[in-house]
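Here is the structure we will look at.
Residue indices begin at 1 and follow the sequence shown.
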Amino acid sequence: MEVTPNHTQGVSGWAAMDASGKVVPFSFKRRDTGVDDVTIKVQYCGMCHTDLHLINNDWGITMYPLVPGHEITGVVTRVGTNVSGFRPGDRVGVGCIAASCLDCDHCRRSEENYCDKVTLTYNGIFWDGSVTYGGYSDMLVAHKRFLVRIPDSLPLDAAAPLLCAGITVYSPMKQHGMLLGEAGRSLGVVGLGGLGHVAVKFGKAFGLRVTVISTSPAKEREARESLKANDFVLSTDQKQMQAMARSLDYVIDTVSAQHSLGPILELLKVNGKLVLVAAPDKPVELPSFPLIFGKRTVSGSMTGGMKETQEMMDLCGKHNITCDIELVSTDRINEALARLARNDVRYRFVVDIAGKGSRL
């Protein structure tokens, strides 16, 4: 465990000690509350697919012990002397970012997520040289720049996944003009999971005609009835896919498994835009003909900056957009991780860190 001299605050949490896929109780220390810091009592932490990948060291970059979690909500307990925007008792959230250089062009534009020196909330190296530990823990210290305020209208548990899943789909939707409310625009959402179901909610809130594209026929009822999607396409059904050819202005692909982008590109109109927001373990297949003959664009997007994240959270408060969650006690984290690996969740697990059933 990496510790620096100013790490004196004892914390209880859960950590993966190796690539076995399990987490165990873990005690460690966090840094003192600095002049620009805010200390938070963690209430809830969403469970992201990234947690699973890093716990298992799927990407070969995990630093053990690993305390996962970057969808963190809680209540402020202490603020540093230079902090004016937050005070004890405030409802706040911490997402994927713990630090950045604060001085580059990206940071000046509040695109901290693209800073060359960005430090992630867990499995990163902080300014003081320590390894960052995430939200599967009872307390967190965060720099004031990397906190967002949670609107009073949003419950802290269902708001937690917005800090990753929400901003991950909101950012490209804003960048590509999907949220302008233009009449007649259409959005396809590939995959109906943690990211996908939030993309559907954003699309509907901003007046888009939304089509869910899935390999699972069981998702049709959920898409149409629960999320009010306008259409559903089974991607393994060639006739359904052909019937939807050149019908969509935008597609957001949320699938984290290897797949071909060719059939999805064929659903786009000429000049249509496909955005990848998931991270498959292996390269996706990108045939050139659907790009060339449709003048289509493929791009990627990773979370969002802090200004954009607060904007997203405020809009969720205004439109009452939250994530559909299943609350998990801390003694059932491993069970939830196993279910997440099977995609057996609708649509996001959230760990009840401070609940009565918590065993930290």
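- Scanning for side-chain contact (heavy atoms from CB on, under 4.5 Å) contacts around N82 gives V35, D36, K144, with sequence neighbours left out.
- At a threshold of 4.5 Å between side-chain heavy atoms, the hydrophobic network of Ile, Leu, Val, Met, Phe, Trp and Tyr places L286 and V251 in one connected group.
- Relative ring orientation between Y133 and F28 is described as perpendicular, the plane-to-plane angle rising above 60° on a 0-90° scale split at 30° and 60°.
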Quiz prompt | CA sep, side-chain torsions, deciding dist, call: F202, H319, ring pair (Phe, Tyr, Trp, His ring centres under 6.0 Å) | solution = CA-CA 9 Å; F202 282 144; H319 292 280; 9.0 Å; no
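- The ring pair (Phe, Tyr, Trp, His ring centres under 6.0 Å) search around F232 returns none, not counting sequence neighbours.
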Practice problem: Could you walk me through whether L147 and I40 pass side chain to side chain contact (heavy atoms under 4.5 Å, CB included), step by step? | Solution: CA-CA 10 Å; L147 280 126; I40 306 156; 3.5 Å; yes
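- A donor-acceptor contact shorter than 3.5 Å is absent between the side chain of T121 and the backbone of H70.
- A donor-acceptor pair under 3.5 Å is absent between the side-chain atoms of E266 and the main chain of P290, judged by distance alone.
- Summarising the geometry, atom OG belonging to S214 is positioned 7.0 Å from atom CG belonging to L234; distances are rounded to the nearest 0.5 Å.
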Quiz item: Is there a side chain to side chain contact (heavy atoms under 4.5 Å, CB included) between M139 and Q9 once you walk through the steps?
Solution: CA-CA 9 Å; M139 183 268 276; Q9 301 195 78; 3.5 Å; yes
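- Every residue two or more places apart in sequence or in another chain that forms a salt bridge (charged side-chain N to carboxylate O under 4.0 Å, His left out) with D344 is listed here: R339, R342.
- Here the closest non-hydrogen pair linking N230 and R224 is O-NH1, 3.2 Å.
- Although no hydrogens or angles enter the test, the distance criterion places a donor-acceptor pair under 3.5 Å between the side chain of T119 and the main chain of I125.
- Contact of the S171 side chain with the M312 side chain is not registered, since no non-hydrogen atoms from C-beta on lie closer than 4.5 Å.
- Of all non-hydrogen atoms in E285 and P287, the two that sit nearest each other are O-CD, 3.5 Å.
- No side-chain heavy atom of F349 sits less than 4.5 Å from a side-chain heavy atom of I333.
- For the salt bridge (charged side-chain N to carboxylate O under 4.0 Å, His left out) criterion with D37, the lone passing option out of R30, R78, R31 is R31.
- Looking at T73, its side chain does come within 3.5 Å of a backbone N or O of L156 through a donor-acceptor pair.
- Pairing each heavy atom of R91 with each of D152, the nearest pair is NH1-CA, 3.5 Å.
- For the atom pair SG of C115 and CD1 of I97, the computed distance is 9.0 Å after rounding to the nearest 0.5 Å.
- Minimum interatomic distance between Y64 and D18 (heavy atoms only, all atoms of both residues): CE2-O, 3.1 Å.
- Within the 4.5 Å cutoff, side-chain heavy atoms of V277 are placed close to those of P172.
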Practice problem: Would you sort out whether H259 and D253 count as a side chain to side chain donor-acceptor pair (under 3.5 Å), showing the intermediate values? | Solution: CA-CA 10 Å; H259 58 292; D253 188 337; 2.6 Å; yes
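- Of the possible donor and acceptor atoms, one in the side chain of R296 sits under 3.5 Å from a partner among the backbone N and O of L268.
- Linking Ile, Leu, Val, Met, Phe, Trp and Tyr whenever their side-chain heavy atoms come within less than 4.5 Å leaves I213 and V198 in two separate clusters.
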Quiz item: Can you list the steps and then say if D324 with K201 is a side chain to side chain contact (heavy atoms under 4.5 Å, CB included)?
Solution: CA-CA 11 Å; D324 294 357; K201 290 187 178 188; 2.8 Å; yes
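- Proximity of a side-chain donor or acceptor of N57 to a complementary backbone N or O of A19 within less than 3.5 Å is not detected.
- Note on K273 versus D249: no salt bridge recorded, every NZ/NE/NH1/NH2 to OD/OE distance being 4.0 Å or above.
- The closest side-chain heavy-atom distance from C45 to V350 is not below 4.5 Å.
- A donor and an acceptor atom, one from each side chain of D352 and S329, are nowhere located under 3.5 Å apart.
- Cluster annotation: Y44 and L140 are assigned to distinct hydrophobic clusters (Ile/Leu/Val/Met/Phe/Trp/Tyr, side-chain heavy-atom contacts under 4.5 Å, transitive).
- D90 places a side-chain N or O within 3.5 Å of a backbone atom of R87 that can act as its donor or acceptor partner.
- Residues S110 and E112 meet the side-chain proximity criterion, which asks for heavy atoms closer than 4.5 Å.
- The line from CD1 of I264 to CD1 of I252 is 12.5 Å long, rounded to the nearest 0.5 Å.
- There is a path of hydrophobic side-chain contacts, each under 4.5 Å, that joins L315 to L195.
- Taking CG of L274 as the start and OG1 of T297 as the end, the distance is 9.5 Å to the nearest 0.5 Å.
- Panel note: side chain D128, backbone S130; a donor-acceptor pair is recorded below 3.5 Å.
- In this structure the side chain of T168 never reaches within 4.5 angstrom of the side chain of M302, judged on heavy atoms.
- For R145, the CZ atom counts as densely surrounded, since its 6.0 Å shell holds more than 12 non-hydrogen atoms of other residues, nucleotides or ligands.
- Counting all heavy atoms, side chain and backbone alike, G135 lies closest to V42 at O-CG1, 3.8 Å.
- The closest side-chain heavy-atom distance from H143 to W127 is below 4.5 Å.
- To the nearest 0.5 Å, atom CG of residue D138 and atom NZ of residue K41 are 6.5 Å apart.
- The cluster map of Ile, Leu, Val, Met, Phe, Trp and Tyr, joined by side-chain heavy atoms under 4.5 Å apart, puts V148 and F146 in the same cluster.
- A donor and an acceptor atom, one from each side chain of E222 and Y347, are located under 3.5 Å apart.
- Looking at E111 and K307, no side-chain N of the basic residue comes within less than 4.0 Å of a carboxylate O on the acidic one, giving no salt bridge.
- Here the side chain of R149 pairs a donor or acceptor atom with the backbone of G85 at under 3.5 angstrom.
- Between D157 atom CG and E71 atom CD the span is 12.5 Å, to the nearest 0.5 Å.
- P65 and F26 get closest at one heavy-atom pair: CG-CZ, 3.6 Å.
- S235 and T215 share no side-chain donor-acceptor pair at under 3.5 Å.
- For the pair K29/V11, no side-chain contact is recorded, criterion being any heavy-atom separation below 4.5 Å from C-beta on.
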Exercise. Assess whether side chain to side chain contact (heavy atoms under 4.5 Å, CB included) is satisfied between C164 and R348, documenting all intermediate values.
Key: CA-CA 11 Å; C164 174; R348 204 70 156 184; 4.2 Å; yes
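- Side chain of Q240 to backbone of V233: no donor-acceptor contact under 3.5 angstrom is found.
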